[in-house]
Amino acid sequence: MPLSQNGSPRVPDLSPLPADFVWGVATSAFQIEGAADADGRGPSIWDDFCRVPDAIDGGDDGLVATDSYHRWPEDLELLQELGVDSYRFSVAWPRVQPDGGPTVNAAGLDHYDRLVDDLLAAGIDPLVTLYHWDLPSVLQHRGGWVARETALRFADYTDVVARRLGDRVHRWVTLNEPLCTAWIGHLEGRMAPGVRDLRSAVHASYHQLLGHGLATQALRANDPGASVGIVLNLSPIEPASGSEADRLAAERADGHTNRWWLDPVHGRGFPADVVEIYGVPLPSEDGDDAVLATPLDFLGVNYYFRQVVAADDAVATLRFRQVPVEGAPTTAMGWEVHPQGLADVLLRVTKDYATPQLWVTENGAAFDDVPDAEGYVADAERTAFVLDHVQAVSDAVAQGAPVQGFYAWSLLDNFEWSYGYWPRFGLARVDYETQRRTVKQSGRAYADLVAGHRANRPTT
Ligand code: IFM
């Protein structure tokens, strides 16, 4: 862990950041809400996936999670304790449209209406994600993201939410990390819906981005001043050696992980070299290109680790594999800790895509927390992780990246998808027996950082 000379984690130099830089924390509905049957919520593909034997570590599920649907007032207190400017949360589609549409469940929408009102009353700006992986099961039964219909239903659902919240919410994320839905959910089968098929994965990526374009148009039709973006999880890719084979492998990995998503949402269409690698015809229809090219107001960047890759002809289609970096620090999930990668990714997007605004919409780490008798966690590793990544953002801004804000993942420990509850990403600990929340050392350090930056804001 990088330490200053007095043994405390290095304090980032925030001077390059603009005075109105936004500090936030992020969560998603399925990971925190629980209340699986409350107020007319319908089942989602993640409820179904949790029932697949061995799909989730420890047989965990999202039925209760951190019970945030009921404990929202406690979560709001946490947000206030951290002193953040903004809260990124997601709306659960199966609460709003349990049947996938067109029926609207008023009670489901009411929940988010209250949440937005409470946030604004507390001076916290909402950043609302419309889709963070909890597709209504009924839509999966009709083909899910592999079917074009889901893109159309997503736009309808977006319109419903925008009509209800759009008078108060002005910043929206359409999709969170479509890569995970496509590649992990439809190619590797390690996430819902648990499919392992390249054609399905390519079609799921196409229809997600089509849905993103249609949803963006629906949001702007409701509020021409709305700021709309998509969140991509990006990684800088480096070849494992100086060999030509590894260099080409890194290019393929960059195509698969980064360009496949970045190119279309910046109006360039799907990259031809990557389409050729997959060998799957895209399910395009007339008029789609214009929808896919709907301009972004901002790009949300989620960053967790870089990828170092080597050529490997034994790996079907992509012919590369990720290799561990010897001696590099890792999180409890084995992800390399590499703050410089965040600066690299932000600068690369700035240089290659000239996106008008960038937001770091997630960044965080799971470490093996040890609480004291009071539930407090002195999480020095996570504290250093957060501070070092904020420093990387500040460095990128100093070099010209138009980053407007940073959201730590996550407000509190929560359900980490197929890993269940063992990885803990929170700035606040959750005791899952009692649901008691306790801000960790990292949360205190983040609160200090936010307060320090705010103290230096010029008063207007
Ligand atoms: O928990 C997830 C989140 O849902 C999406 N981005 C990555 C996080 C950590 O894996």
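When a residue number appears, it is its place in the shown sequence, counting from 1. Basis for what follows: all heavy atoms, side chains included, without hydrogens, waters or symmetry-related copies. Counting starts at 1 for both ligands and their atoms, following the listed order.
- Within the listing of ligand 1, atoms 1 (O), 2 (C), 3 (C), 4 (O) sit less than 4.0 angstrom from a heavy atom of Gln31.
- Counting heavy atoms from C-beta outward, Asp118 and Leu115 have side chains that stay 4.5 Å or more apart.
- Remark: ligand 1 and Trp417 share an N or O pair separated by less than 3.5 Å (distance only, no angle test).
- Between Pro126 and Leu120, the closest heavy-atom pair is CD-CD2, 3.7 Å.
- Taking the centre and axis of the six-membered ring of Trp359, the NZ or CZ atom of Arg171 falls inside the cone set by 45° and 6.0 Å.
- Residue Glu416 places at least one N or O, backbone or side chain, under 3.5 Å from an N or O of ligand 1.
- Assignment of Trp335 to the shell around ligand 1 is supported, since a heavy atom sits closer than 4.0 Å.
- Using a 4.5 Å heavy-atom threshold, the side chains of Tyr278 and Phe270 count as separate.
- For atom 7 (C) of ligand 1, the candidate residues are Glu362, His132, Met333; the nearest heavy-atom contact is made by Glu362.
- Listed by chain and number, the residues in a salt bridge (charged side-chain N to carboxylate O under 4.0 Å, His left out) with Asp159 are Arg163 (sequence neighbours excluded).
- Checked against a 3.5 angstrom limit, the closest N/O atoms of Glu177 and ligand 1 fall inside it.
- Contacts with ligand 1 closer than 4.0 Å are made by no heavy atom of Tyr303, backbone or side chain.
- Between Arg95 and Glu33 there is a salt bridge, since a side-chain N of the basic residue sits under 4.0 Å from a carboxylate O of the acidic one.
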